[in-house]
Amino acid sequence: MRTDMRKNSKSSWPKVIARKWLNIPSGADEFQSDYAVNGETGDRRKSCCDLDYHSIVPENFSEGWLTETAGGIKPSKSMPEPPPVTDSLNLRMFVGTWNVGGKSPHEGLNIRDWLSSPAPADIYVLGFQEIVPLNAGNVLGAEDNGPAAKWLSLIREALNSDQSDKELARCYSDATEESSPSSLQLEQQASLKPRTSFTDLLSMEDELGEEDFERLLNLNSNSSEEGSPSPTYMSGSPARQHFCLAASKQMVGLFLCVWVRTDLYKHISNLKVSCVGCGIMGYLGNKGSVSISMTLDQKTFCFVCTHLTSGEKEGDEIRRNSDVAEILKRTKFSRSFRDLRQPFYPENILDHNKVIWLGDLNYRLAPGCVDTHELLKKNNWQALLEKDQLRIEQRAGRVFSGWEEGRICFAPTYKYLADSDDYVVQTSNSKEKRRIPAWCDRILWKGEGLKQVWYSRGECRFSDHRPVYSLFSVHINLANKLIPTAISCPPRFSSKSALSSACGAKVQAEELLVIPGHKAA
């Protein structure tokens with residue numbers, strides 16, 4: 001069996017390479033999800049050309065028998081119309097990005113620091129870059145999805161762990177009972193994760209619930225002493241609900257996943273993915289984007305995880321601008337037969353109501369900043385940011401015109417020595433390429449109803465980048481919306497069930513096939 005698998009793997013290499021070099025899509029619109037499809041979990045439904053899956057259409061087939069990919073049952077015509085409601089929905093969305101330097105996560109890697117936030121979130125959008133080394137084998141060959149599976153497992157454990165309040169208190173106690181740091185270390189800690197000001201707290205009051213706001217206020221007052229940890233809310237506390245994977249997609253080293261509360265999934269529909277390669281020859285996937293589109297209570301969201309052209313030579317920022325333009329131009333979300341009946345369906349990124357752009361954008365500090373080292377020593381981030389290429393290009397209207405980014409109050413996220421808090425440029429003994437520290441890892445957004453309430457970075461030393469995260473308040477107007485009558489299916493459903501299950505994918509007309517071996521009468 002192993003010999004046959006090796007032969008099949010070797011024989012498939014020329015096909016894979018040819019498809020990648022000729023830019024022929026291969027499963028580009030498929031993604032993974034916790035929610036069952038045809039009684040299976042993990043993979044999106046197969047198309048009609050897949051021989052391993054077939055469906056039997058009952059004689060009394062009717063429109064009411066169809067189910068949607070989003071996970072809810074479409075009400076039949078005989079069902080009563082649900083009552084309209086006029087209300088609004090306020091959610092919190094955590095967005096994180098991390099370039100992990102081509103390293104696969106080891107067992108027990110703690111990512112809770114990265115997933116910490118001032119208040120609990122309802123949606124987690126997590127993007128990775130370089131989850132595999134960007135070598136010829138991974139760029140030209142078959143996709144290595146082993147590391148992606150490991151990251152999903154770690155995230156699921158972190159979001160759904162049952163850590164008690166006592167354990168959380170112990171974590172804070174351990175952090176404060178460590179040996180007394182020097183004044184320089186205290187200054188660095190304050191600059192990396194500054195204590196929330198009273199003005200910022202007041203601005204958060206409208207975005208957070210009363211209970212969460214009081215918790216944040218109490219935590220902030222307790223952290224008034226120098227060196228104490230900044231206020232965070234660990235997603236694994238007992239008050240949190242469990243999360244399921246709505247969708248995930250990989251393209252070479254890029255990986256994007258969206259997690260939602262299990263009770264929120266029934267409000268999500270029209271999950272779509274799109275990949276754009278901007279790397280070698282302008283098409284291969286060592287650089288580019290992975291995007292996920294979804295509809296949440298009639299509002300469309302798009303999450304774009306990118307890894308743009310690297311380099312700090314003069315003119316490299318123009319290539320990064322070009323990558324952004326190509327991604328905006330070439331990202332397309334496929335439409336199904338059912339989508340044609342909807343009054344509006346977003347086909348590209350800017351068609352969506354709310355867009356989050358995250359990733360390793362690779363913008364550096366403009367050349368000629370001779371006092372970089374002195375500014376780094378003084379933690380003078382605002383002076384350094386005056387040389388930030390992204391801000392310079394954005395102000396000039398050459399990229400991300402009309403997009404927003406929060407105020408940066410944390411240290412540059414790149415490039416660090418392995419397992420160290422020192423930048424590569426700070427030591428002459430390193431064999432690493434000398435890079436000027438820069439804010440390569442960024443989160444931007446566009447659209448009404450989005451308000452950023454937190455923008456910071458994690459301190460995990462796993463790679464030469466530090467992870468970045470942001471917390472958003474999401475306002476959705478539910479005016480004239482019908483109350484959904486369908487219920488969501490429980491995640492991790494594994495038994496074989498009929499297509500009439502609430503977890504079934506919508507069976508479209510072109511997919512109603514005759515079982516192989518049976519001839520039409």
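This is a predicted model, so every value here is computed, not measured.
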Inset, instruction - Any chance you could measure Phe462, atom CZ, to Trp98, atom CH2, to the nearest 0.5 Å? - result: 6.5 Å
Inset, instruction - Can you see which heavy atom on Arg364 is nearest to which on Ser310, and at what distance? - result: NH2-CB, 3.9 Å
Inset, instruction - Start with the C-alpha gap between Phe301 and Ile476, add the side-chain angles, then the distance that decides, and say whether side-chain contact (heavy atoms from CB on, under 4.5 Å) holds. - result: CA-CA 11 Å; Phe301 289 74; Ile476 299 175; 4.0 Å; yes
Inset, instruction - Decide yes or no for Leu89 and His267: does some side-chain heavy atom of the first lie under 4.5 Å from some side-chain heavy atom of the second? - result: no
Legend entry - Full working for ring-ring contact (aromatic ring centres under 6.0 Å, His included) between Phe472 and Trp445: CA-CA 10 Å; Phe472 288 91; Trp445 75 92; 5.2 Å; yes
Legend entry - Donor-acceptor contact below 3.5 Å, side chain Asp113 vs main chain Gly458: no
Legend entry - Nearest heavy-atom neighbours spanning Phe333 and Pro346: CB-O, 4.0 Å
Legend entry - Taking every non-hydrogen atom, the tightest pair across Ala247 and Ile292: O-CD1, 3.8 Å
Inset, instruction - Kindly compute the distance separating OG1 (Thr309) from CD1 (Ile318), expressed to the nearest 0.5 Å. - result: 12.0 Å
Inset, instruction - Please indicate whether Arg319 has more than 12 foreign heavy atoms, meaning atoms of other residues, nucleotides or ligands, lying under 6.0 Å from its CZ. - result: no
Inset, instruction - State, yes or no, whether a side-chain contact exists between Phe94 and Trp454 at a heavy-atom distance under 4.5 Å. - result: no
Legend entry - Salt-bridge criterion met for Arg156 and Asp34 (N-O under 4.0 Å): yes
Legend entry - Distance-only side-chain donor-acceptor flag, Gln129 / Thr97, under 3.5 Å: yes
Inset, instruction - State, to 0.1 Å, how close Leu450 and Val474 come at their nearest heavy-atom pair, and which atoms those are. - result: CD2-CG2, 3.8 Å
Inset, instruction - May I ask you to decide whether Asp421 forms a salt bridge with Arg466, counting only side-chain N to carboxylate O separations under 4.0 Å? - result: yes
Legend entry - Any donor-acceptor N/O pair, Asn160 side chain to Phe243 backbone, under 3.5 Å: yes
Legend entry - Main-chain N/O of Ile443 paired with Tyr455 side-chain donor or acceptor, under 3.5 Å: yes
Legend entry - N/O donor-acceptor pair under 3.5 Å between Glu404 side chain and Gly447 backbone: no
Legend entry - Exam field: side chain Asp144 to backbone Asn138, donor-acceptor pair closer than 3.5 Å: no
Legend entry - Criterion side-chain contact (heavy atoms from CB on, under 4.5 Å) against Leu154, the qualifying member of Ile111, Asn110, Leu115: Ile111
Legend entry - Side chain to side chain, Val453 and Pro118, heavy atoms closer than 4.5 Å: no
Inset, instruction - For the residue pair Glu130 and Asp464, establish whether any side-chain heavy-atom pair is separated by less than 4.5 Å. - result: no
Inset, instruction - May I ask you to test the Phe303-Val95 pair for a side-chain heavy-atom distance under 4.5 Å? - result: no
Inset, instruction - Can you spot which of Leu264, Asp263, Thr262 makes a side-chain contact (heavy atoms from CB on, under 4.5 Å) with Cys244? - result: Thr262
Inset, instruction - Decide whether Asn321 and Tyr363 meet the rule of one side-chain donor and one side-chain acceptor closer than 3.5 Å. - result: yes
Legend entry - Arg435 side chain to Tyr414 backbone, donor-acceptor under 3.5 Å: no
Inset, instruction - Taking Asn353 for its side chain and Thr300 for its backbone only, find out whether a donor-acceptor pair lies under 3.5 Å. - result: yes
Inset, instruction - Mark yes or no for whether Tyr124, through its side chain, and Ile155, through its backbone, hold a donor-acceptor pair below 3.5 Å. - result: no
Inset, instruction - May I ask you to check whether over 12 heavy atoms, not counting those of Arg395, lie within 6.0 Å of atom CZ? - result: yes
Inset, instruction - Flag the pair Val132 / Phe255 as yes when at least one side-chain heavy-atom distance between them is below 4.5 Å, and no otherwise. - result: no
Inset, instruction - Enter the distance from Gln32:CD to Ser248:OG here, rounded to the nearest 0.5 Å. - result: 4.5 Å
Legend entry - Straight-line distance of Ser116 OG to Leu471 CG, nearest 0.5 Å: 11.5 Å
Inset, instruction - Any chance you could measure Leu358, atom CG, to Ser289, atom OG, to the nearest 0.5 Å? - result: 10.5 Å
Inset, instruction - Quick one: closest heavy-atom pair of Gly406 and Gln452, and the distance? - result: CA-OE1, 2.9 Å
Legend entry - Backbone N/O of Val252 and side chain of Gln250: donor-acceptor pair under 3.5 Å: yes
Inset, instruction - Would you check if Trp114 and Tyr469 make a side-chain contact, meaning some heavy-atom pair closer than 4.5 Å? - result: yes
Legend entry - Distance-only donor-acceptor check, side chains Arg92 and Ser117, under 3.5 Å: no
Inset, instruction - First locate atom CZ of Arg398, then atom CD of Glu393, and finally report the distance between them rounded to the nearest 0.5 Å. - result: 4.0 Å
Legend entry - side chain to side chain donor-acceptor pair (under 3.5 Å) partner of Arg442, chosen from Thr413, Asp388, Thr306: Asp388
Legend entry - Validation row: Ile327, Cys278 side chains within 4.5 angstrom (heavy atoms): yes
Legend entry - Donor-acceptor pair, side chain of Ser33 and main chain of Ala246, under 3.5 angstrom: yes
